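Read the structure below first, then the notes.
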Amino acid sequence: MAIDATQPYDEDNIFAKILRGEIPNKTVYEDEHALAFHDIDPKAPIHILVIPKGAYVSWDDFSARASEAEIAGFVRAVGHVAREQGLVEPGYRALANVGGHGGQEVPHLHVHLFGGAPLGPMLAR
Ligand code: AMP
């Protein structure tokens, strides 16, 4: 079920548990500001999630409250992962769902990286 992106941060959300090492993940990249891992239910041949290490509910929360260093570090990590995964030349899609209409289900900011095949239209009509 989609979340309310204005809710307070829930320390028990699944990505907070992944960051604390309480549940496993298939990590592809980690640095001071970000963790990237394979989506458990991939919607494209390559489907990676990149999350900030800080406690931010959504893109909205992150863009409003994160420090310049966190924002720069996270954005650079997303780009780094896409390059490292070989996604840039064939092309890829980066997506952040926010709140109810966005269909966001996990209340910790995550950017989806989709690639590995032509992805078709941006949205089904
Ligand atoms: P969203 O709808 O944008 O909130 O996307 C949440 C994504 O998290 C979905 O693509 C799920 O498949 C993915 N997901 C949920 N639990 C896990 C998990 N434990 N490890 C990796 N990906 C997960």
Side-chain angles (χ1 to χ4, degrees):
M1 203 177 102
I3 65 141
D4 170 1
T6 65
Q7 71 186 52
Y9 187 79
D10 171 12
E11 295 287 348
D12 286 330
N13 81 77
I14 194 127
F15 294 168
K17 291 180 180 173
I18 284 177
L19 283 170
R20 290 196 296 267
E22 292 168 10
I23 60 169
N25 74 94
K26 291 188 178 165
T27 298
V28 298
Y29 177 74
E30 181 168 16
D31 67 19
E32 177 189 354
H33 292 293
L35 177 70
F37 52 91
H38 288 285
D39 195 289
I40 204 167
D41 180 20
K43 284 88 178 170
I46 298 172
H47 184 177
I48 290 167
L49 302 173
V50 191
I51 68 173
K53 289 206 166 162
Y56 298 101
V57 174
S58 67
W59 182 266
D60 177 68
D61 187 25
F62 186 71
S63 61
R65 291 197 304 110
S67 69
E68 307 297 307
E70 287 175 303
I71 291 170
F74 180 65
V75 171
R76 288 205 186 278
V78 173
H80 176 86
V81 171
R83 287 189 292 277
E84 197 171 63
Q85 294 290 319
L87 295 175
V88 178
E89 189 279 317
Y92 68 100
R93 186 168 294 157
L95 172 76
N97 294 318
V98 180
H101 283 191
Q104 181 181 359
E105 294 189 345
V106 178
H108 182 113
L109 169 61
H110 45 287
V111 169
H112 297 259
L113 293 178
F114 300 106
L119 297 167
M122 187 165 61
L123 292 173
R125 290 173 198 256

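Because the structure is predicted, anything quoted here is derived from the model rather than measured. Whatever order the structure lists them in is the order used to number ligands and atoms, beginning at 1.
Put simply, the side chain of E22 never gets that close to the backbone of K17: no donor and acceptor are under 3.5 Å apart.
Considering CD1 of I18 and OG1 of T27, their distance stands at 8.5 Å, rounded to 0.5 Å. We find the CZ-CG distance between F114 and L95 to be 5.5 Å, quoted to the nearest 0.5 Å.
For atom 21 (C) of ligand 1, the nearest non-hydrogen atom of the protein is I40 N, 3.3 Å. Scanning all protein heavy atoms for the shortest distance to atom 4 (O) of ligand 1 gives E105 N, 2.6 Å. If you check which protein heavy atom lies closest to atom 8 (O) of ligand 1, you get F15 CZ, 3.5 Å. The shortest contact between atom 10 (O) of ligand 1 and any protein heavy atom is with D39 OD2, 2.6 Å.
Ligand-side atoms of ligand 1 in range of D41: 12 (O), range being under 4.0 angstrom from any heavy atom. Near V106, with a cut-off below 4.0 Å to any heavy atom, the atoms of ligand 1 are 4 (O), 6 (C). Set against the non-hydrogen atoms of H112, the atoms of ligand 1 under 4.0 Å away are 1 (P), 3 (O), 5 (O), 7 (C), 10 (O). Near H110, meaning under 4.0 Å from one of its heavy atoms, ligand 1 places the atoms 1 (P), 3 (O), 4 (O), 5 (O), 6 (C). Here is the list of ligand 1 atoms found below 4.0 Å of a heavy atom in Q104: 4 (O). Counting atoms of ligand 1 from 1 in the listed order, those under 4.0 Å from a heavy atom of N97 are 1 (P), 2 (O), 3 (O). When each atom of ligand 1 is checked for a heavy atom of G103 under 4.0 Å away, the hits are 2 (O). Every atom of ligand 1 with a heavy atom of H38 under 4.0 Å away is listed here by number and element: 21 (C).
If you check the side chains of Y92 and Q85, you find no donor sitting under 3.5 Å from an acceptor. In this model, a donor atom of one side chain and an acceptor atom of the other lie less than 3.5 Å apart for Y9 and N13. Using a 3.5 Å distance cut-off with no hydrogens or angles, the side chains of H47 and H38 do not pair a donor with an acceptor. In this structure, a donor-acceptor pair under 3.5 Å is present between the side chains of D4 and T6.
Under a 4.0 Å N-O distance rule, the pair K53/E30 qualifies as a salt bridge.
With a 4.0 Å heavy-atom cut-off, ligand 1 is reached by the side chain of L49 but not by its N, CA, C or O.
With Y56 as reference, E70 is the one residue of R65, E70, H108 to meet the side-chain hydrogen bond (donor to acceptor under 3.5 Å, both in side chains) rule.
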